[in-house]
Amino acid sequence: EIVMTQSPATLSVSPGDTVTLSCRASQSVSSNLAWYQQKPGQAPRLLIFGASARATGFPANFSGSGSGTEFTLTISSLQSADFAVYYCQQYNNWPYTFGQGTKLEIK
Amino acid sequence: QVQLQESGPRLVKPAETLSLTCTVSGGSINNYYWSWIRQSPGKGLEWIGYIYYSGTTNYNPSLKSRVTISLDTSRNQFSLKLSTMTAADTAMYYCARHQPGRPYFDPWGQGTLVTVSS
């Protein structure tokens, strides 16, 4: 099973900041990496697929990059609606696995 | 657009079998993969397994011995059975869809919290 490790666990930032979230795979997953956004009381929502393609409904201030074992999600000009938990998921190998999440909180 | 809705008991006794159903509205079951995913504070997000509209299934090896996912195309529903439930199975259970060749999940149901307790 591929283990996905996200860092940091929590990030305290201010509106308007730019943040970079990290996701590392225990072995190469090529570009088969997705990111999800989860707000309290809601299901995760697909944000990024193919490591860098934005899902419908998310603006251009969200961007993903990386391949192999190292991936990043960058959110620029943070808005209040962006404070949430972000998860990465690999879909290169069964079983599909998720990271433990990074929580963005308001400083 | 397609919407998914989980239904089933919220409380299950230890050693019993959990049965959940996901109803798909606004679209067809055909040509997609349908997954169950759970989320608990201890284990985070865990993919349980999927069923393809053709009936092909694939389960997480960690749960394979206890999981059955089935399909009812006439009702646009798919179901999860998880046997021999323990407290460790207490979690939010989600159903979700993915496309062939694109196993990332979109959309998700709103989830249903299942508690295992006597």
Side-chain angles (χ1 to χ4, degrees), chain A residues 1-10 21 23-26 29-58 62 64 66 71 73 84-103, chain B residues 1-7 20 22-24 27 32-52 56-67 69 91-114:
Chain A
E1 171 175 314
I2 296 177
V3 177
M4 307 301 292
T5 303
Q6 291 186 243
S7 60
T10 304
L21 285 60
C23 175
R24 176 177 293 177
S26 60
V29 298
S30 187
S31 294
N32 296 313
L33 191 285
W35 290 92
Y36 299 86
Q37 178 192 67
Q38 186 176 33
K39 296 182 179 180
Q42 297 183 16
R45 181 184 171 198
L46 178 68
L47 167 60
I48 297 280
F49 59 92
S52 61
R54 252 188 340 272
T56 303
F58 284 96
F62 289 90
F71 301 87
L73 173 68
V85 182
Y86 293 85
Y87 295 94
C88 60
Q89 175 229 334
Q90 69 80 20
Y91 51 90
N92 196 64
N93 291 70
W94 294 323
Y96 308 133
T97 50
F98 295 84
Q100 289 296 102
T102 292
K103 181 180 181 180
Chain B
Q1 75 267 18
V2 172
Q3 293 185 313
L4 286 68
Q5 177 69 59
E6 303 87 351
S7 59
L20 294 176
C22 182
T23 301
V24 179
Y32 289 99
Y33 288 81
W34 304 93
S35 279
W36 288 97
I37 299 160
R38 67 182 184 180
Q39 184 174 31
S40 62
K43 296 195 75 175
L45 285 161
E46 182 178 29
W47 172 72
I48 298 170
Y50 68 60
I51 188 164
Y52 191 40
T56 300
T57 56
N58 189 19
Y59 302 136
N60 192 321
S62 67
L63 297 167
K64 187 174 184 176
S65 63
R66 300 194 291 131
V67 173
I69 298 176
M92 183 73 79
Y93 285 76
Y94 295 100
C95 55
R97 183 187 78 171
H98 72 83
Q99 299 186 45
R102 302 177 181 183
Y104 40 85
F105 305 105
D106 180 44
W108 298 53
Q110 66 183 31
T112 187
L113 180 60
V114 176

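Every chain is numbered from 1 and lettered A, B, ... according to where its sequence line falls, protein lines coming before strand lines. All figures in this text were calculated on a predicted structure; none of them were measured in a lab.
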Problem - Worked verdict on A/Q89 versus B/F105 for side chain to side chain contact (heavy atoms under 4.5 Å, CB included) - result: CA-CA 10 Å; A/Q89 175 229 334; B/F105 305 105; 3.5 Å; yes
Practice task
Take A/W94 and B/Y50 through the test side chain to side chain contact (heavy atoms under 4.5 Å, CB included) and record every step on the way to the result.
Solution key: CA-CA 11 Å; A/W94 294 323; B/Y50 68 60; 3.1 Å; yes
Exercise for the section: Under the side chain to side chain contact (heavy atoms under 4.5 Å, CB included) rule, what do A/F98 and B/I37 come out as? Steps first, then yes or no, please. Expected result: CA-CA 10 Å; A/F98 295 84; B/I37 299 160; 4.3 Å; yes
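With chain B as partner, the option from A/G99, A/G50, A/G101, A/P44 having the largest number of non-hydrogen pairs under 4.5 angstrom is A/P44. Of the listed residues (B/L45, B/D106, B/N60), the one with the most heavy-atom contacts under 4.5 Å to chain A is B/L45.
Interface remark: A/Q42 contributes backbone atoms only to the contact with chain B (heavy atom separation under 4.5 Å). For a residue to count as touching a neighbouring chain, one of its non-hydrogen atoms must lie under 4.5 Å from one of that chain's; by this rule A/Y87 touches chain B with the side chain only. Using a 4.5 Å cut-off between heavy atoms, A/Q38 touches chain B through its side chain atoms alone.
Summarising the geometry of B/G109 relative to A/A43, their closest heavy-atom pair is O-CB, 3.1 Å, with the distance given to 0.1 Å. Contact detail for A/Y91 and B/P103: the closest heavy-atom pair is CB-O, 3.3 Å.
A distance of 11.5 Å separates CG of A/L46 from CZ of B/R102, quoted to the nearest 0.5 Å. Between the OH atom of B/Y104 and the CD1 atom of A/I48 there is a distance of 11.0 Å, given to the nearest 0.5 Å. Here A/Y96 contributes atom OH and B/H98 contributes atom NE2; the two are 4.5 Å apart, rounded to the nearest 0.5 Å.
Relative orientation of the B/W108 and A/Y36 rings is perpendicular, given thresholds of 30° and 60° on the angle between their planes.
At most 12 heavy atoms of other shown residues, nucleotides or ligands fall within 6.0 angstrom of atom CZ in A/R24.
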